[in-house]
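Contents: one structure, followed by commentary.
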Amino acid sequence: MNARIATYTDFIPTSDILNQSWQHQLANLVTDIDELCNLLSLNKDELLQTYQLPPKFPLQVPHAFVAKMTKGDLSDPLLLQILPTKSEQIQTLGYITDPLDEHNHNPIKGLLHKYQSRVLITLTGACAVHCRYCFRQHFDYNANLPKSDEQAQILDYINKNPDINEVLLSGGDPLNVSNRRLLDWLSKLADCANITTIRLHTRLPIVLPARIDDELLNSFKNLTKNIVMVIHTNHPSEIDDDVKIACTKLKSAGVTLLNQTVLLKNINDNAETLANLSHKLFGIGVLPYYLHILDKVQGASHFDIDESQAIELYWQLLEKLSGYLVPKLVQELPNRPYKTPIDIYKSSAFE
Ligand SMILES: *Cc1c(COP(=O)(O)O)cnc(C)c1O
């Protein structure tokens, strides 16, 4: 790569951006490797030994997330989640573009119906942060975004399926859209008689906590359905005061807060870090929900850890933590009607 060395004056300082509205922050994501390098005072030569410009799924991360990284540290666990690397270009057998076989459970554009009692809507393909292990990084969102026609079809599908009692809003990230669009979906879904719970799967409260604004909070307060928010946090350093404020507001608005974590090599693959994460989450009112073994998506094999190591970590967590702070260890396998619990007795880790 023939990268230009940028100067600080090329970019807006983080401190200025973090005082702006979430819309402004979303419009000013860090997408330039030189800017990232400068913000973090990284050694450019060292960076270029691992960094590689990706052909698709470019570098993208909010300033609010970069601000939580340690300056000068190329192995920062937050940086490793978003830095495009040469390892991504390695094709590994068994790591594919649609690891969850989602295309086969797609009755209407924008709707996934894999599990009996709940459906998932991919509201948008956009997400503020491009996590390098994202299992939907190859998903064809353009062919799959629900417009107003599809919205009517989706609502009709839900109303005609009494088995469905919960709707998940996902993406992309469902909080990446405007309040106007999101609130429209929320109110229409709340009108479905069989729906008891609306769930949002989002990483925005972690990577861009200003997104939790008053208009959104008020709509949550006024909805007559259960609102669940599953946030996505992998490392205790992701939780700072701004995240805490966002979660406290969500709790006051009556939202049930859960977290899911992906097990990632060199990022959170030790019991100390995971236990610490559970404690920190509970401290901001969030309960651990799932601990996922990585989905086998093309370009992410360097993040994967052995199942036997995952099982060993899980036993260590059982030992360290109160029962309610231990997330369920699961893996999403194609064509199973649920997230599959990992058999923790099958490893030699259990004696
Ligand atoms: C993960 C997922 C759900 C939700 O599963 P839970 O076990 O209820 O959290 C629903 N639909 C799809 C397509 C999913 O991938």
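In this chain, residues are counted from 1 in sequence order. Both ligands and their constituent atoms are indexed starting at 1 by order of listing. Just the heavy atoms: all of them, side chains too, but no hydrogens, waters or symmetry mates, feed the values below.
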_Just to be sure I read this right, does ligand 1 sit under 4.0 Å from the backbone of Glu332, its side chain, both, or neither, counting only heavy atoms?_
side chain
*Hey, is NZ on Lys328 packed in by over 12 heavy atoms from elsewhere, all under 6.0 Å?*
no
*Just need the protein heavy atom nearest to atom 13 (C) of ligand 1, so name the residue and atom and give the distance.*
Lys114 CD, 3.8 Å
*Counting only N and O atoms by type, is there a donor-acceptor contact under 3.5 Å from the side chain of Lys114 to the main-chain atoms of Leu100?*
yes
*Could you list who else is in Tyr95's hydrophobic cluster, with ILVMFWY side chains joined at under 4.5 Å, directly or through other members?*
none
*Nearest to atom 8 (O) of ligand 1, what protein heavy atom do you find, and at what distance?*
Arg118 NE, 2.6 Å
*Kindly work out whether a path of hydrophobic side-chain contacts (I/L/V/M/F/W/Y, heavy atoms less than 4.5 Å apart) joins Ile82 to Leu26.*
yes
_Check: Tyr290 N/O within less than 3.5 Å of ligand 1 N/O_ = yes
*Any idea which heavy atoms bring Lys339 and Tyr115 closest together, and the distance?*
NZ-OH, 3.3 Å
*Which heavy atom of the protein is the closest neighbour of atom 4 (C) of ligand 1, given with residue, atom name and distance?*
Leu168 CD2, 3.5 Å
*In the protein, which heavy atom is nearest to atom 10 (C) of ligand 1, and how far is it?*
Tyr115 CD1, 3.4 Å
*Each residue besides Phe303 in its hydrophobic cluster should be listed here, by chain and number; the cluster joins Ile, Leu, Val, Met, Phe, Trp and Tyr at side-chain heavy-atom distances under 4.5 Å.*
Leu80, Tyr133, Val262, Leu264, Ile267, Leu294
_For the 3.5 Å polar cut-off, considering only N or O atoms, please tell me whether Lys339 and ligand 1 meet it._
yes
*asked:* With heavy-atom distances below 4.0 Å as the criterion, list the atoms of ligand 1 near Arg199.
replied: 4 (C), 6 (P), 8 (O), 9 (O)
_Partner of Ile198 under side-chain contact (heavy atoms from CB on, under 4.5 Å), chosen from Val228, Leu168, Leu186_ = Leu186
*For atom 12 (C) of ligand 1, what is the nearest protein heavy atom, given as residue, atom name and distance?*
Leu120 CD1, 3.7 Å
*Please report which non-hydrogen protein atom sits nearest to atom 6 (P) of ligand 1, along with the residue it belongs to and the distance in Å to one decimal place.*
Tyr289 OH, 3.4 Å
